[in-house]
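Contents: one structure, followed by commentary.
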Amino acid sequence: MTKIIDGKAISQEIKDELKAQVAELKEQGVEITLAVIQVGNDPASSVYVRNKKNACAYIGIQSLAYELPEETTEQELIDLLEKLNKDDTVNGILVQLPLPGHINEDRVLDTIVPAKDVDGFHPQNVGALCIGKPGHVSCTPAGVIQLLKRSGIEIAGKECVVIGRSNIVGKPMSLLLLRENGTVTIAHSRTADLAQVTKRADILIVAVGRPKMITAEYVKDGAVVIDVGIHRNAEGKLCGDVDFDSVAPKCSAITPVPGGVGPMTIAMLMHNCVRTVMK
Ligand code: GUN
């Protein structure tokens with residue numbers, strides 16, 4: 001029987017743990033505040049930002065919303081970030097991506113002080129992850145680790161294959177699996193004979209960004225398959241990078257889309273916000 005990993009239930013479990021922790025912190029007089037900045041009004045970003053604000057409200061974290069016009073200059077955004085960096089009442093800062101084309105994303109992300117970088121995108125946090133030092137970890141890959149651990153799936157000693165090498169998912173995902181003592185391979189668009197590589201995987205993490213690309217012939221019998229992709233087809237139905245119907249019968253466990261990795265990203269963002277006040 002294939003286990004369907006319920007990301008909604010696991011993310012709810014994490015949010016409830018955090019909610020209890022935040023209530024305890026409040027009793028000690030500690031408040032947590034997250035500043036959420038959106039530039040322009042990309043509809044998908046507006047949905048993500050709304051979900052983040054709702055999660056803050058649920059857990060008891062205060063959120064400050066900055067909705068800036070599309071024409072905002074890079075310098076204006078950087079000035080705001082520098083002000084928030086210095087503001088002791090602000091614990092976390094999140095700039096929703098993508099930014100409009102005239103703004104240099106790297107310059108903006110580098111401006112956020114690493115301690116407040118709850119997205120885990122600052123080079124200092126990425127470097128800390130790389131050398132095994134404490135720091136904020138990118139939320140989606142951190143969420144995948146929680147899905148595996150809370151589903152009782154052992155990582156140590158397993159063949160882990162990550163398809164995708166993005167800075168936000170593929171690279172930090174590989175480092176986290178390595179930190180958990182997995183044997184890690186990173187595959188990508190230039191990998192020769194992808195199926196031969198992915199068929200080695202006990203744990204296959206798919207973040208390729210192509211709808212239903214991973215079919216049964218890429219997967220070993222009994223593998224655990226984690227689908228990080230999310231796409232909407234012409235009829236408005238959501239699907240992942242994995243062809244769920246063909247792959248699921250072959251797996252020991254698999255995440256669905258929606259309801260798998262997706263809900264974990266916000267839970268881990270909330271985790272990072274709480275982490276800012278932990279000593
Ligand atoms: N845009 C898409 N995903 C993310 C994310 O995890 N963080 C931010 N800041 N922007 C995003």
Side-chain angles (χ1 to χ4, degrees), residues 7 11 14-15 33-56 61 63-68 70 72 74 77-78 80-81 84-85 90-101 103-126 129 135-147 164-173 175-176 205-209 226-232 238 240-241 257-258 260-276:
S11 87
I14 293 171
K15 284 192 282 185
T33 300
L34 171 68
V36 180
I37 301 155
Q38 183 180 357
V39 185
N41 39 26
D42 171 59
S45 289
S46 300
V47 174
Y48 287 128
V49 165
R50 191 171 64 234
N51 290 342
K52 288 170 188 178
K53 285 193 252 176
N54 289 343
C56 283
I61 293 174
S63 62
L64 303 174
Y66 292 86
E67 283 153 23
L68 308 181
E70 181 85 19
T72 303
E74 186 175 300
L77 179 55
I78 285 175
L80 170 63
L81 292 172
L84 295 170
N85 279 344
V90 172
N91 306 92
I93 304 171
L94 181 147
V95 178
Q96 187 63 30
L97 303 178
L99 288 168
I103 298 179
N104 181 325
E105 251 169 41
D106 285 344
R107 222 189 129 212
V108 168
L109 297 178
D110 288 2
T111 303
I112 301 171
V113 285
K116 296 189 182 187
D117 165 41
V118 285
D119 259 326
F121 293 166
H122 190 284
Q124 187 173 313
N125 281 321
V126 178
L129 171 63
H136 290 301
V137 176
S138 181
C139 301
T140 301
V144 171
I145 296 291
Q146 285 301 311
L147 280 181
R165 54 176 157 179
S166 71
N167 291 336
I168 295 182
V169 181
K171 281 181 207 155
M173 186 75 252
L175 291 164
L176 285 171
I205 315 274
V206 188
V208 270
I226 306 289
D227 188 352
V228 183
I230 185 150
H231 313 274
R232 199 177 283 281
L238 293 172
D241 291 349
V257 177
V261 174
M264 296 302 291
T265 301
I266 289 186
M268 299 319 290
L269 173 69
M270 297 297 106
H271 166 88
N272 283 349
C273 291
V274 174
R275 214 184 145 268
T276 59

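Both counts, for ligands and for their atoms, begin at 1 and track the order of listing.
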Just by modelled atom types, is the [Y] backbone N or O under 3.5 Å from a matching donor or acceptor in the [X] side chain?
X	Y	value
His136	Ala115	yes
Asn85	Thr111	yes
Thr276	Lys116	no

Practice item. Using a cut-off of 6.0 Å, state whether more than 12 heavy atoms not belonging to Glu74 lie near its atom CD. Key: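 For Glu74, atom CD is crowded (more than 12 foreign heavy atoms under 6.0 Å).
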Practice item. Indicate yes or no: at least one non-hydrogen side-chain atom of Lys52 is less than 4.5 angstrom from one of Ile266. Key: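 Yes, at least one pair of side-chain atoms sits under 4.5 Å.
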Check your understanding: Less than 4.5 Å apart, any side-chain heavy atom of Leu77 and any of Leu99?
Key ->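 Yes, side chains in contact.
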Anything under 3.5 Å between an N or O on ligand 1 and a protein N or O? List each pair with its distance, or write none.
{"from": "ligand 1", "atom 1": "1 (N)", "to": "Gln96", "atom 2": "NE2", "distance (Å)": "3.2"}
{"from": "ligand 1", "atom 1": "1 (N)", "to": "Leu97", "atom 2": "O", "distance (Å)": "2.9"}
{"from": "ligand 1", "atom 1": "7 (N)", "to": "Asp119", "atom 2": "OD1", "distance (Å)": "3.1"}
{"from": "ligand 1", "atom 1": "7 (N)", "to": "Asp119", "atom 2": "OD2", "distance (Å)": "3.3"}
{"from": "ligand 1", "atom 1": "9 (N)", "to": "Val95", "atom 2": "O", "distance (Å)": "2.8"}
{"from": "ligand 1", "atom 1": "9 (N)", "to": "Asp119", "atom 2": "OD2", "distance (Å)": "2.6"}
{"from": "ligand 1", "atom 1": "10 (N)", "to": "Gln96", "atom 2": "NE2", "distance (Å)": "3.4"}
{"from": "ligand 1", "atom 1": "10 (N)", "to": "Leu97", "atom 2": "N", "distance (Å)": "3.0"}

